[in-house]
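We number each residue from 1, following the sequence as shown.
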Amino acid sequence: MRRLWRRRIVTPDERITYVDAVRPSKPAGRNRPDKHDDGSEEASPERLNWLRAGVLGANDGVVSTAGLVLGVAGASADNRAILVAGVAGLVSGSMSMAAGEYVSVSTQRDAQRSGLAKERAALKRDPDGKLDQLTTAYESKGISHDLARQVAVELTDHDALAAHAEVELDIDPDELLNPWAAAFASMLSFAIGAVVPLLLITLVAPSARVLATVLASALALAVTGVVSAKLGGSPTRAATVRNIGGGMVAICITYVIGALLGSHL
């Protein structure tokens with residue numbers, strides 16, 4: 001697909017204006033990330049999708065499993081009961097995350113395909129009208145009419161569906177979301193996140209296992225908070241503090257409830 005980049009043009013009276021010009025598309029069959037001017041790579045929507053699923057899965061694995069095993073530990077000192085509850089939570093949570101992510105991303109992909117199908121039909125039914133629509137879209141970005149028309153014509157000649165999908169739907173037809181990749185990433189990352197509190201609660205001595213599990217979970221949440229902030233391009237400190245705070249509240253509440261139930265049942 002051809003995309004737009006910004007080029008500086010100096011007019012005869014030395015005024016500088018900005019217009020959009022066409023950048024050559026990636027070669028067919030190569031879905032490598034584009035590179036920014038600073039050399040960093042721009043992740044594709046598909047890559048961002050499974051990265052997002054992986055980070056969220058790991059975060060949920062840490063919080064839910066830590067809360068589960070600490071809740072059981074608050075109610076009972078039986079190592080076997082804690083281990084069984086933790087393993088059951090790991091397995092059920094991984095399967096649940098995978099199934100939920102698959103359904104969610106499949107729905108998004110269906111919407112992408114539906115949008116592409118409508119665009120394809122509209123291009124076949126009224127190609128001139130769609131060309132005018134594409135021209136207007138580029139004019140709305142501040143491009144002069146003549147240049148906007150030239151861009152629209154060249155992109156339409158190259159790949160009409162891809163041009164309209166990018167401008168109107170923000171979709172790359174060659175990079176639709178993959179529900180299987182998201183489901184696998186979510187399942188695997190949940191299991192990895194769940195292993196952290198599960199190992200600490202079962203291997204550390206009973207007198208220190210609650211504190212050790214809480215501290216290890218906080219550290220794991222800090223890591224997922226930093227990664228999620230990096231993916232979203234947001235400040236890492238705020239995201240990390242928020243992630244640790246929310247996770248600790250959930251874990252502590254579960255532990256207190258388990259301790260109360262253990263003392264009254």
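- Here the rule is side-chain contact (heavy atoms from CB on, under 4.5 Å) with V87, and of V84, L83, L90 only L83 fits it.
- Listed here is the closest heavy atom pair of G225 and T240: C-OG1, 3.9 Å.
- Listed for the T135 side chain is a donor-acceptor partner under 3.5 Å among the backbone atoms of L131.
- Taking NE2 of H164 as the reference point, atom CG of L169 lies at 10.5 Å (rounded to 0.5 Å).
- Side chain to side chain, Q112 and Q108 fail the donor-acceptor criterion of an N or O pair below 3.5 Å.
- Under the 4.5 Å side-chain heavy-atom criterion for Ile, Leu, Val, Met, Phe, Trp and Tyr, W180 and F190 are members of distinct hydrophobic clusters.
- Side chain to side chain, T202 and N79 fail the donor-acceptor criterion of an N or O pair below 3.5 Å.
- Under the 4.5 Å side-chain heavy-atom criterion for grouping Ile, Leu, Val, Met, Phe, Trp and Tyr, V63 is connected to L199 within one hydrophobic cluster.
- Taking 4.5 Å as the limit, every side-chain heavy atom of K130 sits out of range of all side-chain heavy atoms of R125.
- Between atom CE of residue M97 and atom CE of residue M187 there is a gap of 11.5 Å, rounded to the nearest 0.5 Å.
- Environment of CG in D170: sparse, with no more than 12 heavy atoms of neighbouring residues, nucleotides or ligands closer than 6.0 Å.
- Taking 4.5 Å as the limit, every side-chain heavy atom of T254 sits out of range of all side-chain heavy atoms of L70.
- Counting heavy atoms from C-beta on, the side chains of P179 and R109 come closer than 4.5 Å.
- Considering every non-hydrogen atom in both A185 and S189, the closest pair reads O-OG, 2.7 Å.
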**Message:** If you apply the rule side-chain contact (heavy atoms from CB on, under 4.5 Å), what do you find for S217 with I251, and how did you get there?
**Reply:** CA-CA 9 Å; S217 298; I251 291 171; 4.0 Å; yes
**Request:** Carefully, step by step, assess Q150 and E154 under the rule side-chain contact (heavy atoms from CB on, under 4.5 Å).
**Result:** CA-CA 6 Å; Q150 179 185 351; E154 290 189 10; 3.2 Å; yes
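- Distance check, rounded to the nearest 0.5 Å: OH of Y138 to CG of L155 gives 4.5 Å.
- Here the closest heavy-atom approach between residue A220 and residue V62 is recorded as CB-CG2, 3.8 Å.
- When all heavy atoms of A75 and G258 are compared, the closest pair comes out as CB-O, 3.1 Å.
- Neither L215 nor L203 shares a network with the other; the hydrophobic side chains, linked directly or stepwise wherever heavy atoms of I, L, V, M, F, W or Y lie under 4.5 Å apart, form separate groups for each.
- One hydrophobic cluster holds both L198 and V210 under the rule that ILVMFWY side chains link at heavy-atom gaps under 4.5 Å.
- Between E139 and R149 there is no salt bridge, since no side-chain nitrogen of the basic residue lies less than 4.0 Å from a carboxylate oxygen of the acidic one.
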**Worked check of side-chain contact (heavy atoms from CB on, under 4.5 Å) between E168 and Q133** = CA-CA 10 Å; E168 299 176 31; Q133 184 180 19; 3.4 Å; yes
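- In this structure, the separation between CZ on R242 and OG on S228 is 7.5 Å, given to the nearest 0.5 Å.
- In this structure, OG1 on T156 lies 7.5 Å from CG on L123, to the nearest 0.5 angstrom.
- Interatomic distance, L68 CG to S92 OG, rounded to the nearest 0.5 Å: 8.0 Å.
- No donor-acceptor pair under 3.5 Å is formed between the side chain of S104 and the backbone N or O of G100.
- Put simply, the residue from L116, D110, V105 that forms a side-chain contact (heavy atoms from CB on, under 4.5 Å) with L176 is L116.
- Side-chain atoms of S186 never come within 3.5 Å of backbone atoms of A183 as a donor-acceptor pair (strictly under, hydrogens ignored).
- Nearest heavy atoms, L221 versus G247: CD1-CA, 3.7 Å.
- Residues P197 and T213 approach most closely at CB-CG2, 3.8 Å, considering heavy atoms.
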**Request:** Determine, stepwise, if the pair L200 / R209 fulfils side-chain contact (heavy atoms from CB on, under 4.5 Å).
**Result:** CA-CA 6 Å; L200 268 294; R209 64 186 178 188; over 6 Å; no
